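Some notes on the structure that comes next.
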Amino acid sequence: MATEVHNLQELRRSASLATKVFIQRDYSDGTICQFQTKFPPELDSRIERQLFEETVKTLNSFYAEAEKIGGSSYLEGCLACATAYFIFLCMETHYEKVLKKISRYIQEQNEKVFAPRGLLLTDPVERGMRVVSFLAVPFEVDPDSEPPSQRLPEPRCEPRPTLHCPCI
Amino acid sequence: MGKLRICDGTRWEGLVCDLISKEICCPYLAVKITPAIPVVGGILFFFVMGTLLRTSFSDPGVLPRATPDEAADLERQIGNPEDIANGTSSGGYRPPPRTKEVIINGQTVKLKYCFTCKIFRPPRASHCSLCDNCVERFDHHCPWVGNCVGKRNYRFFYMFILSLSFLTVFIFAFVITHVILRSQQAGFLNALKDSPASVLEAVVCFFSVWSIVGLSGFHTYLISSNQTTNEDIKGSWSNKRGKENYNPYSYGNIFTNCCVALCGPISPSLIDRRGYIQPDTPQPAAPSNGMAAYGATQSQSDMCDQDQCIQSTKFVLQAAATPLLQSEPSLTSDELHLPGKPGLGTPCASLTLGPPTPPSSMPNLAAEAALTDILPLKDEHVGHQFLTPDEAPSPPTMLAGSPLAHSRTMHVLGLASQDSLHEDSVRGLVKLSSV
């Protein structure tokens with residue numbers, strides 16, 4: 001109990017140092033998965049507007065590709081129905097393949113673009129596709145000058161098998 | 001997190017009939033006409049069972065609850081204008097319902113804020129009070145299947161009712177054939193004496209055919225117009241609301257609508273159904289009357305399972321004495337639930353509420369399935385008024401005398417019990433008191 005409380009206090013301390021910026025879903029095109037491209041004011045000093053919009057637009061295009069209805073998706077659906085959905089034991093759906101592509105893209109963007117600016121982008125699938133969240137870590141003036149990617153706080157929560165980790 | 005009930009409610013008429021027919025008619029018909037009859041019947045039966053299990057046990061498209069940070073961010077965005085207007089902080093009391101308007105394909109759609117899940121519901125999503133979750137593209141909560149029917153399992157549900165209609169028609173036809181063939185040999189009365197079960201089967205099948213074929217027809221209409229049962233019942237896109245009212249989600253032609261509903265891509269589940277429920281971060285300003293108990297972890301979830309089993313026994317007793325329609329006090333669940341957990345823990349089997357009564361006609365059936373979730377159609381905090389006329393354009397007579405209007409009492413009860421070990425039993429007591 002005491003260690004739990006101690007861990008949680010540490011969590012709160014590190015989380016309170018970081019600001020979380022949430023980008024909500026954009027439902028103007030219906031129920032498809034799209035995120036708002038409106039630039040949040042909290043990120044004004046952190047990242048260029050154009051870079052942010054480009055990232056969100058790329059994410060939106062990935063999700064549009066995942067949910068695209070057309071010949072190949074119908075074929076997959078019919079094949080799945082014909083095999084009583086057992087085929088999904090062997091292969092993954094088109095949607096899942098695109099989700100993997102998205103998480104690879106996000107990881108890449110985090111390493112190249114966001115980490116140097118002290119930002120961390122979370123995968124929307126970890127948030128139930130509700131938001132894209134940016135974790136903005138305040139820069140520390142460190143005389144040892146560690147590389148920027150290591151300045152992000154280590155997650156100090158206990159490993160949880162559930163979807164979300166409260167530290168991100 | 002919301003409750004996931006795994007129930008064994010099935011369409012017993014068609015399935016029991018099939019079993020009876022296997023014993024009685026099949027040997028006779030297999031010899032007299034062709035052995036293909038029991039084979040086809042068997043295939044249909046297994047298909048029906050497969051789609052039923054798939055509908056029952058798949059995630060309908062549950063939206064996981066917002067993390068505390070997201071909820072706080074949303075509250076901040078929405079709450080601020082109210083604070084400025086009132087000049088007070090909104091801590092403690094429940095603020096008025098919040099809606100956001102969005103224009104989809106030229107139609108104005110209102111997005112409601114879900115107080116339980118702390119999110120703005122996507123369009124077409126609804127909160128099911130029985131499952132206590134927001135479900136995407138919410139169709140209805142089916143008590144026969146024991147699960148919500150939503151985006152991810154609608155096609156399985158449709159295939160279930162379609163195949164079941166074929167099965168009931170098949171059985172009905174061959175029961176009649178069986179009786180006719182026997183009466184040709186030995187006379188009508190002798191035929192009935194030889195196989196009395198055929199009479200029972202014929203009667204049950206007759207009523208089943210009407211209800212199930214009717215339901216299939218209704219859902220075929222819904223699929224071809226790309227509407228959900230929820231939207232159809234509320235008349236969201238009907239012409240009666242105005243000349244300019246049309247369905248913004250429809251793709252224009254029937255073929256595309258059908259293909260998308262039945263063969264479109266299935267999104268993966270957003271919840272982790274096999275995870276362990278972990279307690280949430282205890283609040284820093286926790287009251288001293290037991291909230292500190294949240295610190296204990298595994299023992300609580302173990303106790304929780306035990307309590308859920310106790311709970312299910314209570315449900316059994318309650319089910320024996322109460323009508324089919326139940327109301328879930330979402331206000332209490334708001335207070336009592338451990339919020340923000342996508343993991344559901346071990347589900348405990350519990351029976352469907354009330355005995356399954358064979359419905360006599362299609363409209364009743366569609367309404368019956370939808371009745372249990374008329375509640376989530378309304379905002380949760382306005383729970384004390386059951387139905388306004390514009391919410392139920394075709395109110396079935398079963399609504400008369402249905403339980404509700406105890407949401408205030410239940411809210412008080414909820415606040416009174418803060419110990420998470422007793423939360424499930426309180427919920428059970430609350431349900432009993434609401435009858």
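No hydrogens, no waters, no symmetry mates; every other heavy atom, side chains included, goes into these values. The structure displayed is predicted, hence computed values, not measured ones. Here is the naming used below: chain letters follow the sequence lines, and residue numbers restart at 1 for every chain.
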Next item on the list: Kindly write out the residues that satisfy side-chain hydrogen bond (donor to acceptor under 3.5 Å, both in side chains) with B/Glu70, not counting sequence neighbours, or none if the list is empty.
Entry: A/Arg130, B/Thr67
Check: Would B/Met159 and A/Cys81 count as a side-chain contact (heavy atoms from CB on, under 4.5 Å) if you check the C-alpha gap in whole Å, the side-chain angles of each, and the deciding distance to 0.1 Å?
Finding: CA-CA 10 Å; B/Met159 289 200 292; A/Cys81 183; 3.7 Å; yes
Checklist line | Shortest non-hydrogen contact between A/Asp29 and B/Ile104, atoms and distance | finding: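 The answer is C-CG2, 4.4 Å.
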Next item on the list: Identify the heavy atoms of A/Tyr27 and B/Phe120 that sit nearest to each other, and give their distance.
Entry: OH-O, 4.4 Å
What part of [X] gets closer than 4.5 Å to chain B, counting heavy atoms only: side chain, backbone, both or neither?
X       : result
A/Ala66 : backbone
A/Leu75 : neither
A/Glu76 : neither
A/Glu92 : neither

Check: Does A/Glu108 CD have over 12 foreign heavy atoms under 6.0 Å away?
Finding: yes
Check: So do A/Met129 and B/Ser267 actually touch side chain to side chain, heavy atoms under 4.5 Å?
Finding: no
Check: Do B/Ile103 and A/Ser28 touch side chain to side chain, with heavy atoms closer than 4.5 Å?
Finding: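 A side-chain contact under 4.5 Å is absent here.
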Check: Given that the side chain runs from C-beta out, which part of B/Val102 has a heavy atom under 4.5 Å from chain A: side chain, backbone, both or neither?
Finding: side chain
Notebook entry, point to check: Using non-hydrogen atoms and a limit below 4.5 Å, what part of residues 247-257 of chain B faces chain A?
Noted result: B/Tyr249, B/Tyr251, B/Thr256
Item checked: Evaluation steps, side-chain contact (heavy atoms from CB on, under 4.5 Å), between B/Leu74 and A/Phe22 -> CA-CA 9 Å; B/Leu74 268 178; A/Phe22 296 106; over 6 Å; no
